[in-house]
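Okay, structure first, notes after.
Residue numbers run from 1 in the order of the sequence given. Order of listing sets the numbers, starting from 1, for every ligand and every atom in it.
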Amino acid sequence: MNEYDSERIGELLAASHGLQLVDDPARADVLVLNTCSIREKAEDKVYTQLGFWRPFKESRPEVIIAVGGCVASQEGESLRRRAPFVDIVFGPQTLHRLADMLDACRAQRQPQVDLRFPELEKFDRLPQRPGREGPTAFVTVQEGCDKFCTFCVVPHTRGREFSRPMPDILREVRQLVDQGVREVTLLGQNVNAYRGATGLIGEGDLAELLERLARIPGLLRLRYTTSHPNNLDDRLIAAHRDIPILAAHLHLPVQSGSDRILRRMHRKHSVASYLDKIARLRAARSDIRISSDFIVGFPGETDADFAATLELIEAVRFDQSFSFKYSPRPNTPALKLKDSVPEGVKDERLAILQGRIHGLARAYSEALVGTVQDVLVTGPSRRDPCEWTGKTSCNRSVNFAGPANLSGQMLPIRITAALANSLRGEWEPSAAVRRAG
Ligand code: 5AD
Ligand code: SF4
């Protein structure tokens, strides 16, 4: 989500002020820091980064420093008290106002702060995306969250659930496909809670949006992230069976494998209901890979609770996942629970969990060796510019040799080796991909 917002900030300032990206911050006229407050570590990085930028402003006072995103939303005016040299503070929902704020800041020589939640306005005001290149793109379709998990700042920093109307999304994706985009990832904090105006009568869900997008000629692959288990309903499960361009991978965070901890987290689902959804998803599409987010060391987590999480990991056999130590966040209900798990125990649990997930991910990669996968070529390989890099449907990077220019093509690639973070393969033009699902 932040990556998408950052890309759009760049596009917006290019359109409004003709600004171009530079590699060296010392050469920039405008420095924009897009921030994340999901964990304390991410938030601390904001002030460290601002400390690095401060000398640029001191030597060239006309430099403008802007801070946007969730830390801005959470800290508000107090961000300027801690870092008074910041000129502009804008929230995740007001990034479209950045161009006007820049003008106002320069004209009035006054700092500008705008942290409102005007929802749709942001999408209406963002420029079209003519300068974008590359075969993959993110498109935000939903923002905000009404779930209020007890550990999470998102409902407080991003606001309530909100969905963009389908006609706007269809228009944006058609335009991206015309520009050469072949894979679109639909984004939202709770993307499968999507309920947007259909443009005809009433509202439609994510399954309907995916069906309509899948009909766009030239679009070869669709993904969506991040989902909540409770919004994975029968219609969405059926979409995984019926829409061939929907990727064979779903990120479905479970956070913990203990019902007691899930209740304390206010997740509103149980381990059994999660397992039931996974079973139905796999019945609909047998080759689907599931990844998750996990929090270890949530207040009150015992050895038995953690053992239950490891059991769930074995039962689901998760693919590459994200895991974090619990980090107390401002304004969240979990702050009232005693942060009872010692730091050392959190570290230990995290290492065990990550080791297990890593082992499973590795086994999945090795199982791909010898198979032929549909690989969407995303561009030249970073390591070796004579090679190409692409992504499998299950979201693995593959490097292979091939002639120029293959970018944007979906090719049958035979996987020849599984490395730590990527796969190697060979282009087999005559091979057909056999789908298990
Ligand atoms: N501490 C640790 N991890 C957190 N996450 C969200 N809030 C916290 C927190 N306070 C993790 C969750 C979520 C992911 C985006 O970040 O696992 O799914
Ligand atoms: Fe945060 Fe996700 Fe829970 Fe919403 S559903 S409160 S975004 S963890």
When you compare ligand 1 with [X], is there at least one nitrogen or oxygen pair between them that comes in under 3.5 angstrom?
X      : value
Phe324 : no
Tyr326 : no
Arg329 : no

Tell me which part of [X] gets within contact of ligand 2: side chain, backbone, both or neither, using heavy atoms under 4.0 Å.
X      : result
Phe151 : side chain
Pro253 : neither
Cys145 : side chain
Thr226 : neither

request  = Decide, counting backbone as well as side-chain atoms, whether Cys152 has an N, O or S atom less than 2.8 Å from atom 4 (Fe) of ligand 2.
outcome  =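 No N, O or S atom of Cys152 is closer than 2.8 Å to atom 4 (Fe) of ligand 2, so no.
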Considering heavy atoms of the protein only, find what lies nearest to [atom] and give residue, atom and distance to 0.1 Å.
atom                    : result
atom 7 (N) of ligand 1  : Phe151 CD1, 3.3 Å
atom 6 (S) of ligand 2  : Cys149 N, 3.3 Å
atom 6 (C) of ligand 1  : Ile38 CG1, 3.4 Å
atom 18 (O) of ligand 1 : Asp293 OD2, 2.6 Å
atom 16 (O) of ligand 1 : Arg39 NH1, 2.9 Å
atom 12 (C) of ligand 1 : Gln255 OE1, 3.4 Å
atom 4 (C) of ligand 1  : Ile295 CD1, 3.6 Å
atom 1 (N) of ligand 1  : Ser327 N, 3.0 Å

Quick check on contacts: which atoms of ligand 2 are under 4.0 angstrom from a heavy atom of [X]?
X      : result
His228 : 5 (S)
Asn190 : 4 (Fe), 5 (S)
Pro155 : 6 (S)
Phe148 : 6 (S)

ask   = With a cut-off of under 6.0 Å to the ring centre and 45° to the axis, is Arg82 in cation-pi contact with Tyr47?
value =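 Here Arg82 passes the 6.0 Å and 45° test against Tyr47.
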query = Cation over ring, Arg39 on Phe324, under 6.0 Å and within 45°?
reply =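 Arg39 over Phe324 ring: yes.
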task = For residues Leu187 and Val139, determine if any side-chain heavy atom of one lies less than 4.5 Å from a side-chain heavy atom of the other.
result =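 The answer is no; the side chains never approach within 4.5 Å.
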request  = Would you sort out whether Arg164 and Glu143 count as a salt bridge (Lys or Arg N to Asp or Glu O under 4.0 Å), showing the intermediate values?
outcome  = CA-CA 9 Å; Arg164 288 175 73 192; Glu143 284 212 4; over 6 Å; no
Do NZ/NE/NH1/NH2 and the carboxylate oxygens of [X] and [Y] come within less than 4.0 Å?
X      : Y      : result
Glu387 : Arg383 : no
Arg282 : Asp287 : no
Glu314 : Arg356 : yes
Asp303 : Arg349 : yes
Lys346 : Glu301 : no
Glu75  : Arg80  : no

message = Can you classify the ring geometry of His249 versus His251 as parallel (below 30°), tilted (30 to 60°) or perpendicular (above 60°)?
response =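 If you compare the ring of His249 with that of His251, the planes turn out tilted.
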query = Going by the angle between their ring planes, with limits at 30° and 60°, are Phe294 and Phe318 parallel, tilted or perpendicular?
reply =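 The arrangement is perpendicular - the two ring planes meet at more than 60°.
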request  = Examine ligand 1 and decide if any of its atoms is less than 4.0 Å from a heavy atom belonging to Glu40.
outcome  =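 Heavy atoms of Glu40 never come under 4.0 Å of ligand 1.
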key: Gln74 side chain to Thr157 side chain, donor-acceptor N/O pair below 3.5 angstrom   =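 Checked: Gln74/Thr157 side chains show no N/O donor-acceptor pair below 3.5 Å.
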ask   = Do the side-chain N and O atoms of Asn34 and Ser6 include a donor-acceptor pair separated by under 3.5 angstrom?
value =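 Per modelled atom types, Asn34 and Ser6 side chains form a pair under 3.5 Å.
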message = Given Arg158, Arg267, Lys147, identify the one with the heavy atom nearest to atom 2 (Fe) of ligand 2.
response =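 Among Arg158, Arg267, Lys147, the closest heavy atom to atom 2 (Fe) of ligand 2 comes from Arg267.
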request  = Would you mind running through ligand 1 and noting each atom that sits below 4.0 Å from a heavy atom of Lys325?
outcome  =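 Answer for ligand 1: 1 (N), 2 (C).
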